[in-house]
Amino acid sequence: MTRDAIKDLILEIIEDIDEDADFDTLESDKPLRDQLDLDSMDFLDIVMELRKRHKLQIPEEDYPELATLDSCVNYLDPLLKDA
Amino acid sequence: MPVSFSKASLENKYDVIIIGSGLGGLTSANRLAYCGYKVLLLEYHTQLGGLATWFKRKGHIFDVSLHGFPYGMVKTCKKYWNKEIMNSIVQLKKIVFDNPQFHLETTFDRLDFTEKLNKQFKIPASTIDAFFSRVAGMNFYDDQSMTTRELFEEFFPGRSDVHRLLMEPISYANGSTLDDPAITYGIVFSNFMNKGVFTFEGGTDKLIGMMTDELEKNGVTICTSAKVDRVVIDSGIVRGVEVQGKTIECGSVVSNSGITNTIYNLAGKDAFSDEFMAKADKIRVNNSSCQVYMGIKKEDKIDDIGDLLFTSTAPEFDSSELCDFTTRSKTFSVYYPKTRPGHDRYTIVASMNSNFADWDNLSEEEYKKEKQNLIDRALVDLDRYLPGAKEKMDWVEAATPKTFNRYTLHTQGTSFGTKFEGLDISRKIFKEVSGLFHVGSVGIIMSGWLGAINYGVIVSNDVDAYMRSIA
């Protein structure tokens, strides 16, 4: 999966969580939590969805890696390389 | 339709078996079905819902625990149930406080509380803002050494009236006291202050009915009258459950039957390490409740006195007074025809916090007499707000901690799960016994309707991770 595809995947998952999420002004290096109406339950949803779609096991200690869109891509890039 | 266990034709093996159908158990079942697992839900009672329950008498439908939940329930129901369920959530706009220290009506949100604290209680706006910011920033992994009492003293020293306003509703919501960790207070209080208090239009029966439909649509097998005798554990790994002499195999068990029940009765303490048991033995369960259910005759009406009334004739707020056998403090939840459109009846439920031991030690005769006294006290107290309402009632009955124990099997009839330490044990149980998970009211914060549902989701994530790791 390319980095752009990973980015799209994350945004697609977030859109399922919150269909009103506004991505136009989203800055990829700033915390998603501060820019979108996401809480800790929403991040758990992202983790579950990644496991469901791509059999990815993200340990709890790695959850902070999902903080920004850029950090998501950086973290998932090696894991989804062959996806 | 859920079927009784004795009439069910079950398979010999499921991916996941859920024991208990409280809101946490129901939600775990739904989430795990969504993740693609074959799920069996077993409920001991004839009706689903656990403490999210109701009963019918003489044309009345009485809700047991539908008293009001935070706005967060909207998003939670949308994500983990369906939009139809979400769309039935409506606000309760008139919350009333009446006690010797103050009387007020509020929408129970930050804006209105700020105004009341400032104008009526004369607290400087800067102090109120600082307090709200502090509690809103609280997380469950923060320092737990500060108590709610200390938090209140820091911001509102010596103001027992303010402490009462802030604490009383939360004590009824989750059984917490001024001596519990301030973070448990902050998290729950902030949830409510977000937008106020909400309820489910159509009542508990409608909600549980809609959840049952959704579960069946998603392929969950549901059995009632199915009391699980034990969880079968072999070499530290869950193998199944035993129900009425029959063993059903599974990869994981999610117990929604109370953390203490799960450890001592379902798994048995031998299944755990000494270190784990040393901690588990220290779990304190929360208090239970007493309730008085009052139904107004079909042709009669009552005035709008508010949706939820926090009342007391005790001079000051005192956590132990709230649980006293003859407490002078109680809430009245008033259900107008708007609660169940089309049903058009009025019911009132008085709720008090209560200790199991006070009721458990009574003889049968004393128990009956004290139940009547409980009813009489509730009627006297209600008369202050609805004079003459007693004459309009055609049904009155009471529930005690023993009633809660009988229907839910909760240790000491607890209506609010455990104190804070129960959360850590609940979260770590699967690290002791592979495939054994617990969901249900624990740690004060994972309590109430919203806490229970969200916790069901959190635990489902653990179950899914485990199931995929052994696949």
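Just so we're on the same page: letters track the sequence lines, and every chain starts at 1. Source: prediction; values computed, not measured.
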Salt-bridge test for [X] and [Y]: reply yes if a basic N is under 4.0 Å from a carboxylate O, no otherwise.
X: Asp34(A); Y: Lys30(A); value: no
X: Arg110(B); Y: Asp129(B); value: yes
X: Arg53(A); Y: Glu12(A); value: yes

_Between Tyr71(B) and Asp109(B), a side-chain donor and acceptor under 3.5 Å_ =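 There is no such pair between these side chains.
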*Which heavy atom of Ala52(B) sits nearest a heavy atom of Trp449(B), and at what distance?*
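Shortest heavy-atom separation between Ala52(B) and Trp449(B) comes out as CB-CZ2, 3.8 Å.
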*asked:* Given heavy-atom pairs under 4.5 angstrom as the criterion, report whether the side chain, backbone, both or neither of Asp42(A) touches chain B.
replied: both
*Side chain, backbone, both or neither: which part of Tyr80(B) has a heavy atom under 4.5 Å from chain A?*
side chain
*Below 4.5 Å from any heavy atom of chain A, which atoms of Thr76(B) appear? Answer side chain, backbone, both or neither.*
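No part of it gets close to chain A.
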*Go through Glu49(A), Gln57(A), Arg51(A) and name the one with the most non-hydrogen pairs under 4.5 angstrom from chain B.*
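Winner by heavy-atom pair count: Arg51(A).
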_Out of Asp16(A), Ile17(A), Val47(A), return the one with the most heavy atom pairs under 4.5 angstrom to chain B._
Ile17(A)
